[in-house]
Amino acid sequence: ISLFGTTDYGNNSAITPLGYVGYKFNDQLSISGGVTFVAATREWSTSSRWVMGIDRSMANTFFRPSYSPGVEFAGNFLDGELAWRGGVWNSIDGSLSGVNRNGTSMAWAGIVTWEPWGKYGLGYSDMEIHDEPALRIGCSGIHALSQAVEATNGNNPEDTIVRLSDGTPIATPGALGPGSQVSQFRMQLATVDAGWKYNGVGINFEYYWRLLDDFVGTGPFNQQSLFDQGGLAYVSFCLVPRKYELYGRSSAVTGVYGTGQEYGGGINWYLKKSRQSKLTLEALYYNRSPADNTLYPYRAGFSGTAIQTQMLVMW
């Protein structure tokens, strides 16, 4: 049983409860139900405690779903070498686009992971300092109908506002042509990812393909479907094992309405030589960001440089 809350102001309440109740039958099958991550990308399904740097990438912020009520199944086979998780959720987002929806808009999502050379470890960092190479290969995806929601002041930053590749919310009047406004659409997202760790070095990639179509609303629409794609990459190296780590990161998104990129890097200092306490200093440059989230430096359509620091402590 797990319960988590945030004071970030959401669409429905100033306190947003997240949590689930689950039961593990055996290594091959566990079932949980509640408000959880919609498992549709590698970086989104990686806890914010284990991501590289301050938080998740621009590309993942653009493509990912959010939290939603749902039922998830998970398990592993071949002594943990092959793992899977997936299920059905209320929508890609449990806020206005999900809970307050009109009609049915269920989201089906899942992730498959293969670790043929042994345990890959948490996140993208090689804090474990593998003395033998570790490899992780995976894929994930989502199929969903969703209500189109405009960005409004006071949104919970974790809410997913689906946007065009120039950062415009798809529900914005005129987004797909003069006089048009989308009220519902279908979202299909597919990703592949790969990672390699050895002797303090970590190299990780993820690539995204997204198709939006079946638009409902006021037309006509200039586009009957929208295809966007993008990717991310992280490279890291532990200067001092389990203590000082340098990393570089980049991501990009491209589509019919434009292209955006980010580049940056930083240093992680693990104060207690463990993941339980980490001080991060990071610098990012992004160009025409298609993503927007008030917890991150990303602002839709903007370009600029962000210098950030974060202290993370767990107990």
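Both backbone and side-chain heavy atoms feed into the values below; hydrogens, waters and symmetry mates do not. Computed from a predicted model, the values in this text were never measured in an experiment.
- S303 meets the side-chain hydrogen bond (donor to acceptor under 3.5 Å, both in side chains) test with N287; sequence neighbours excluded.
- Residues satisfying the ring pair (Phe, Tyr, Trp, His ring centres under 6.0 Å) criterion with F221, sequence neighbours excluded, are F215.
- Taking the six-membered ring where the residue is Trp, Y67 and F37 present tilted rings, their angle falling between 30° and 60°.
- Legend: residues meeting salt bridge (Lys or Arg N to Asp or Glu O under 4.0 Å) with D193, ordered by chain and number and at least two apart, are R42.
- Within the structure, salt bridge (Lys or Arg N to Asp or Glu O under 4.0 Å) contacts touching residues 216-227 (residues at least two apart or in different chains) do not occur.
- Ring pair Y198/W196 is tilted by interplanar angle, where 30° to 60° counts as tilted.
- Note on residues 66-88: pairs passing salt bridge (Lys or Arg N to Asp or Glu O under 4.0 Å), not counting sequence neighbours, are E72-R85.
- Not counting sequence neighbours, R136 has no partner by the side-chain hydrogen bond (donor to acceptor under 3.5 Å, both in side chains) test.
- Listed by first and then second residue, the side chain to side chain donor-acceptor pair (under 3.5 Å) pairs that reach into residues 228-241 are E43-Y234, Y207-Q229, R210-D228, sequence neighbours excluded.
- The ring pair (Phe, Tyr, Trp, His ring centres under 6.0 Å) check on F185 picks up nothing, with sequence neighbours excluded.
- Within the structure, every pair that satisfies the salt bridge (Lys or Arg N to Asp or Glu O under 4.0 Å) test and touches residues 274-284, not counting sequence neighbours, is listed here: E128-R275, R249-E282.
- Residue pairs that meet the salt bridge (Lys or Arg N to Asp or Glu O under 4.0 Å) test with at least one member in residues 175-188, sequence neighbours left out, are R186-D213, R186-D214.
- Members clustered with M314: W50, L122, L312, by chain and number, using a 4.5 Å side-chain heavy-atom cutoff among hydrophobic residues.
- Among residues two or more places apart in sequence or in another chain, the side-chain hydrogen bond (donor to acceptor under 3.5 Å, both in side chains) test is passed with T168 by D166.
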